[in-house]
J.: 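Dumping the structure here so I can ask a few things about it.
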Protein chains: 2
Amino acid sequence: MRHPKLEIIDALVQSSFVVQQILTEVGEQHDLSVIQIRLLGVLRDRQLRMAPLAAILGLSKSSTTGLVDRAERRALVQRVSVPVGDERAVHVTLSDEGRRLAQQGTAEIAERLNALAGQLSDSGRQHLARALTQLVYAAADSRGLDLRANLIKSTSVAVA
Amino acid sequence: MRHPKLEIIDALVQSSFVVQQILTEVGEQHDLSVIQIRLLGVLRDRQLRMAPLAAILGLSKSSTTGLVDRAERRALVQRVSVPVGDERAVHVTLSDEGRRLAQQGTAEIAERLNALAGQLSDSGRQHLARALTQLVYAAADSRGLDLRANLIKSTSVAVA
DNA sequence: TATTGTTATACTCTATAACTATA
DNA sequence: TATAGTTATAGAGTATAACAATA
């Protein structure tokens, strides 16, 4: 091997910074923070009320209010009244521009990550995807989350 | 497999959030943000002046001033004058309490990550460490960094 | 009374530009 | 003049507590 192999703990931590840095850089090109990218990703294939949105993003409800405020000011999302039922509730939805940005951002992130993963052998990528999948599911299990029901259906940046 | 395997892009992004969430949670238990943990990690085995510290953390110099201010207010680090040479320069060093926190935080992060990685087979962990190492080095190469010279010598949370 | 979401407030984190002190 | 670091200022992101409107 050209380089000394990292211990698995160091490898996990450092690679997480590598990936987050890519998310940050792709976001910067569109003046989006990582949390804004996640907001767009979460909303890509659904509308959500404020409380579930806060739960998925792991934010307090007031933080979510501010996050959606700033995205709405930029016309990336809209608050629309829930068609039937609770008058207090709102649905947060992507605007056309928000959807465009979500798709473009996702594509750029995939491109950047594929460039890195492309340096691995085919079997290396297979092993990596398998091991990381187990890790992600183990983490979700330990929190009592059901990834399959909740999160996987959305884009890769939708999850925490 | 119990769960559908994630595509490698999704696996990388989602696992990065899993790891970052663990860093966040371990930090919270000690009232530390992720960037404060990294600050302590970077300083664990060296003193640094403000400019190199900013470069390693990827921050502007004024952001670094604020970060060190807040850490110094909590007596986790100290600014000491450089013994000989430039009168304008300072060295940032860990206090005893900062060192204690750095060690404890690192241990707790390792414990949490080992609990997750422990669900993998031995060969799964081997493959994972190898593949992630390649990824980290590929990312460093693409930025012209020399990880071996600069960063690896420090703790796993020292790097971006 | 309970719930949904916002507002008030405060702090961390970040950046750019202007500044001070030393080289 | 140039460099090391701080200060001034502004804004995003986060949380807790108090609030208004609706259920």
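To find a chain, count down the sequence lines: A is the first, B the second, and so on, and within it residues start at 1. A quick note: this is a predicted structure, and the numbers were derived from the prediction, not measured.
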J.: Figure out the CD/P separation between A:Q20 and C:dT14, and round it to whole Å.
T.: 13 Å
J.: Quick check: does any side chain N or O of A:R74 sit under 3.5 Å from a backbone N or O of A:R70, one acting as donor and the other as acceptor?
T.: no
J.: Using atom CZ of A:R79 as one end and atom P of C:dG5 as the other, report the distance to the nearest whole Å.
T.: 10 Å
J.: If we only count heavy atoms from C-beta on, is the A:T106 to A:R44 side-chain gap below 4.5 Å?
T.: yes
J.: The side chain of A:R49 lies closest to which of these nucleotides: C:dA15, C:dG5, D:dT16?
T.: C:dG5
J.: Counting only side-chain heavy atoms from C-beta out, which of D:dT7, D:dT14, C:dG5 sits nearest to A:T65?
T.: C:dG5
J.: C:dT6 C1' sits how many Å from A:L67 CG, rounded?
T.: 15 Å
J.: Counting only non-hydrogen atoms, which of residues 89-100 of chain A are less than 4.0 Å from DNA chain C?
T.: A:A89, A:V90
J.: What's the closest nucleotide to the side chain of A:E87 if the choices are C:dG5, C:dT6, D:dA23?
T.: D:dA23
J.: Nearest to the side chain of B:L59, which nucleotide is it out of C:dA15, D:dT6, D:dG13?
T.: C:dA15
J.: Find the distance B:L39:CG to C:dT14:P and express it as a whole number of Å.
T.: 11 Å
J.: On a plain distance test, is the side chain of A:S62 in donor-acceptor contact with the base of D:dT14 below 3.5 Å?
T.: no
J.: Where the side chain of B:R73 is defined as all heavy atoms beyond and including C-beta, which of C:dT16, C:dT12, D:dT16 is the nearest nucleotide?
T.: C:dT12
J.: Among C:dG5, C:dT14, D:dG13, which nucleotide has an atom closest to any side-chain atom of B:S63?
T.: C:dT14
J.: DNA chain C: B:R70 or A:P52, which has the more 5' nearest nucleotide?
T.: A:P52
J.: Taking only the side-chain heavy atoms of A:A51 (C-beta and beyond), determine which of D:dA12, D:dT16, C:dG5 contains the nearest atom.
T.: C:dG5
J.: What's the CG-P distance between A:D31 and C:dT16, to the nearest Å?
T.: 12 Å
J.: Can you work out whether A:G85 or A:L32 has the more 5'-proximal nearest nucleotide on DNA chain D?
T.: A:L32
J.: Could you tell me the separation between the CD atom of A:E28 and the P atom of C:dA15, rounded to a whole number of Å?
T.: 8 Å
J.: Quick one: does B:T93's side chain have a donor or acceptor within less than 3.5 Å of a partner on B:Q47's backbone?
T.: no
J.: Less than 4.0 angstrom from a charged side-chain N to a carboxylate O is my criterion; do B:R125 and B:D122 meet it?
T.: yes
J.: Do the non-hydrogen side-chain atoms of A:I35 and A:L67 ever get within less than 4.5 Å of each other?
T.: yes
J.: Under a 3.5 Å threshold, yes or no: a donor from one side chain and an acceptor from the other, between B:Q29 and B:E25?
T.: no
J.: Within this structure, what is the CD-to-C1' distance between A:Q36 and C:dT14, rounded to whole angstrom?
T.: 15 Å
J.: Say whether, by atom type as modelled, one donor and one acceptor occur between the side chain of B:S16 and the main chain of A:S16 under 3.5 angstrom.
T.: no
J.: Within the structure provided, determine whether B:K61 and B:M50 are in side-chain contact (heavy-atom separation under 4.5 Å).
T.: no
J.: For B:D69 and C:dT14, give me the distance from atom CG to atom C1', rounded to whole Å.
T.: 14 Å
J.: Which nucleotide, C:dC13, C:dT22, C:dT4, lies nearest any side-chain atom of A:K61?
T.: C:dT4
